[in-house]
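Reviewing the structure listed below.
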Amino acid sequence: MDKLIIILILMVSGIVRGQGNFYDGMNKGMELWKTGQTEEASAIFERIAAAEKESWLPNYYVAMVNTTSAFKEKDFNQLNKYLTRAQSALDKELAKHPNNAELLVLQAMVHTAWIAYDPMSYGASLSGKVSQLYARAEQLSPENPRVVLGKAQFEMGSAQFFGTDLSPICTKLERSIDLFDNFSPESSFHPNWGKNQALESLSNCK
């Protein structure tokens, strides 16, 4: 009986220590990302992902850090490096969680970064994939504000390009803001971004 109690104590302390390492590492990665140290943040999230294979969040942030960096990049080689790193992280998690709407939104963002960099080269091949990803994410999680926002922003870009009416898209952006106001993430590390982007997009929706 004593041995059993000792084993249980060691197991619990090991789990608690592991969770502590996860939270400490994630907080460190978030802090580095917040201060613009994207390479260091990505490296930390990659190390956590290698150790915490049950959680999709570390690889989500590897993809997110590199995708947001890619949107600001003008040099092809650097952009390719960012998006290849993002895609590799996403591939690992989508293979395990194909119905995770947050991962699908991020996959759509990776494709959109390629289109934004060179619409003539990537628009025709990737636009349909982006629309399919948002449609699937919407089917899986219709009340997710990032799904509604991402889909509306992508449709807004197409509508502005072709000069079509933006009114239905503006209504979707307003809905996303309502959803953001009522959204509660599962934890402090689960995705909780997007409201500021929704407000900015709505201000340009004319």
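Residues: numbered from 1 along the sequence shown.
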Quiz item: Are side-chain heavy atoms of S42 and Q37 found at a separation under 4.5 Å?
Solution: no
Practice problem: Take E73 and K81, measure what salt bridge (charged side-chain N to carboxylate O under 4.0 Å, His left out) needs, and give me the verdict at the end. | Solution: CA-CA 11 Å; E73 187 59 56; K81 178 183 166 188; over 6 Å; no
Practice problem: Using the rule that two of Ile, Leu, Val, Met, Phe, Trp, Tyr join whenever any of their side-chain heavy atoms come within less than 4.5 Å, decide whether V110 and F76 are in one cluster. | Solution: yes
Quiz prompt | G194 versus L149, closest heavy-atom pair with distance | solution = O-CD2, 3.3 Å
Quiz item: Quick one: do F180 and V105 end up in the same hydrophobic cluster if we chain Ile, Leu, Val, Met, Phe, Trp and Tyr together by side-chain heavy atoms under 4.5 Å apart?
Solution: no
Self-check item: side-chain hydrogen bond (donor to acceptor under 3.5 Å, both in side chains) between E31 and N27, worked out
Solution: CA-CA 6 Å; E31 193 60 37; N27 276 324; over 6 Å; no
Exercise. Determine the minimum heavy-atom distance between R146 and P191, stating which atoms define it.
Key: NH2-O, 3.1 Å
Quiz item: Are any of the side-chain heavy atoms of L104 and L94 separated by less than 4.5 Å?
Solution: yes
Practice problem: Any pair with a residue in residues 167-177 that passes salt bridge (charged side-chain N to carboxylate O under 4.0 Å, His left out), sequence neighbours left out, goes on the list, sorted by first then second residue, please. | Solution: E143-R175, E155-K172
Quiz item: Can the ring centres of F189 and Y60 be said to be less than 6.0 Å apart?
Solution: no
Quiz item: At what distance, to the nearest 0.5 angstrom, does NZ of K72 lie from OG1 of T67?
Solution: 11.5 Å
Quiz prompt | Pair listing, ring-ring contact (aromatic ring centres under 6.0 Å, His included) test, anchored in residues 120-145, at least two apart | solution = W114-Y122
Self-check item: Contact summary for P145 and F183, nearest pair of heavy atoms
Solution: CD-CD1, 3.6 Å
Exercise. Check ring pair (Phe, Tyr, Trp, His ring centres under 6.0 Å) between Y82 and all other residues, then give those that pass, not counting sequence neighbours.
Key: none
Self-check item: Nearest atoms (heavy-atom pairs only) where I177 meets A198
Solution: CG1-CB, 3.7 Å
Quiz item: Given N100 and E93, is the side-chain hydrogen bond (donor to acceptor under 3.5 Å, both in side chains) satisfied, shown in steps?
Solution: CA-CA 9 Å; N100 183 316; E93 297 310 321; over 6 Å; no
Exercise. Say whether, by atom type as modelled, one donor and one acceptor occur between the side chain of S141 and the main chain of A137 under 3.5 angstrom.
Key: no
Quiz item: Under 3.5 Å, side chain of N59 to main-chain N/O of V62, donor-acceptor pair present?
Solution: no
Quiz item: Is a side-chain donor or acceptor of T164 paired with a backbone partner of Q160 at a separation under 3.5 angstrom?
Solution: no
Practice problem: Determine, stepwise, if the pair L103 / L90 fulfils side-chain contact (heavy atoms from CB on, under 4.5 Å). | Solution: CA-CA 7 Å; L103 293 172; L90 268 180; 3.9 Å; yes
Exercise. With rounding to the nearest 0.5 Å, note down the distance linking CG in N204 to CE in M156.
Key: 5.5 Å
Practice problem: Say whether I115 and I169 are linked into one hydrophobic cluster, either directly or through other cluster members, by side-chain heavy-atom distances under 4.5 angstrom. | Solution: no
Practice problem: Keeping the roles fixed (side chain from T35, backbone from L32), state whether a donor-acceptor pair exists under 3.5 Å. | Solution: yes
Quiz item: Does the side chain of L57 reach to within under 4.5 Å of the side chain of E52, using non-hydrogen atoms?
Solution: no
Self-check item: Heavy-atom closest contact (K53 atom, K96 atom, distance)
Solution: O-NZ, 2.9 Å
Exercise. State yes or no: do F22 and M64 share one hydrophobic cluster built from I, L, V, M, F, W and Y residues joined by side-chain heavy-atom distances below 4.5 Å, directly or via other members?
Key: yes
Self-check item: Exercise: identify the closest heavy-atom pair between F45 and M30
Solution: CZ-N, 3.6 Å
